[in-house]
Amino acid sequence: MTEDSRADRRSPVGEPVVRSDPAVTGDRAAEAVGFDPDDPESVAEAAETVARFAAGDVGDDDHVLMLRGAAACAALVRGVGSYKTAAERAGDDVSVAFIRKWARVHDLPQAIRRQVASGRIAPSAAKHIARLGGTDRYLLAWATIDGDLTVREVRSIASAVNDGSDVESAVREAGVQLGHVGVDLPRDTYVELRRRASNESRAPGDIVAAALDDYFAAASDDAPRSP
């Protein structure tokens with residue numbers, strides 16, 4: 001698993017890494033706003049953003065602005081040192097639970113947040129994915145996309161896992177098979193895959209998995225190493 005599978009993000013808190021990427025948010029990348037928890041003025045701006053976010057000034061269908069609100073929650077917590085103080089700074093109508101939930105969304109791995117920003121995972125579903133840790137977050141995120149899960153189903157799966165169920169069983173209960181991905185291949189590649197699979201008495205998925213393992217291993221070997 002890659003570095004961003006860890007609980008803590010490596011990118012600076014509040015930095016709009018995903019929201020500022022035109023490949024994800026298109027023209028709206030220019031709207032990206034970052035928050036610096038070490039800058040008092042930026043922390044004050046984060047508090048105001050959180051207050052507006054909690055008041056419902058951001059529509060549920062505006063994924064980019066909801067991620068901005070999540071970033072503001074995370075930066076505010078870091079800036080003031082605790083969830084309780086963050087809620088107090090944001091205003092009487094902002095709860096600790098609200099800030100905690102959305103700060104966790106901002107702390108999701110970038111690969112998942114990119115899917116939230118692109119609209120493939122609803123921010124309200126991301127709140128429940130963020131309740132899980134490690135690889136389980138990825139598994140639930142990809143199951144959400146591949147199985148077109150509702151927010152209610154995502155919430156139910158997250159609750160089941162937190163109650164002790166393994167994520168594969170919980171996802172299966174929702175009708176999703178982990179590891180099943182539909183892909184579109186060029187015709188010649190498709191024919192060759194099927195031909196080799198038949199001649200070798202192997203499932204096409206086994207050949208694809210082996211090829212991907214080699215690809216990922218080579219990519220890891222080519223990655224720059226820390227001094």
Heavy-atom pair of closest approach, residues [X] and [Y]:
X: Ser95; Y: Ala87; result: C-CB, 4.0 Å
X: Ala143; Y: Leu178; result: CB-CD2, 3.9 Å
X: Leu108; Y: Ala126; result: CD1-O, 3.9 Å
X: Ala197; Y: Ala203; result: CB-C, 4.3 Å
X: Trp102; Y: Met66; result: CH2-CE, 3.5 Å
X: Leu132; Y: Ala158; result: CD2-O, 3.8 Å

Can you tell if the side chain of [X] reaches within under 4.5 Å of the side chain of [Y], non-hydrogen atoms only?
X: Trp142; Y: Ile112; result: yes
X: Val183; Y: Val208; result: no
X: Arg28; Y: Leu65; result: yes
X: Glu168; Y: Val171; result: no

Main chain of [Y], side chain of [X]: is a donor-acceptor contact present, judged purely on distance under 3.5 Å?
X: Arg120; Y: Gln115; value: no
X: Ser156; Y: Arg152; value: no
X: Ser20; Y: Pro16; value: yes
X: Arg68; Y: Glu31; value: yes
X: Thr144; Y: Leu140; value: yes

Which residues share a side chain to side chain contact (heavy atoms under 4.5 Å, CB included) with [X], sequence neighbours left out:
X: Ala125; value: Ile121, Ala122, Val151, Val154
X: Arg196; value: Glu192, Glu200, Ile207
X: Ala117; value: Val18, Val24, Thr25, Leu67
X: Ala86; value: Leu76, Val77, Val80, Ile99

Under the side chain to side chain donor-acceptor pair (under 3.5 Å) rule, collect the residues that match up with [X], sequence neighbours excluded.
X: Thr150; answer: Glu153
X: Ser159; answer: Arg131
X: Asp21; answer: Arg114
X: Thr85; answer: Ser82

Counting heavy atoms not belonging to Arg194, are there more than 12 under 6.0 Å from its CZ?
-> no
Mark yes when over 12 heavy atoms from residues, nucleotides or ligands other than Asp163 sit less than 6.0 Å from its CG; otherwise mark no.
-> yes
Any residue meeting ring pair (Phe, Tyr, Trp, His ring centres under 6.0 Å) with Tyr83, in chain and number order, not counting sequence neighbours = none
Which pairs, with at least one residue in residues 169-188 and sequence neighbours excluded, count as a side-chain hydrogen bond (donor to acceptor under 3.5 Å, both in side chains)?
-> Asp166-Ser169
Salt bridge (charged side-chain N to carboxylate O under 4.0 Å, His left out) pairs, two or more places apart, involving residues 80-105 | none
Would you check, one step at a time, whether the test side chain to side chain contact (heavy atoms under 4.5 Å, CB included) holds for Val116 with Val105?
-> CA-CA 10 Å; Val116 178; Val105 169; 5.5 Å; no
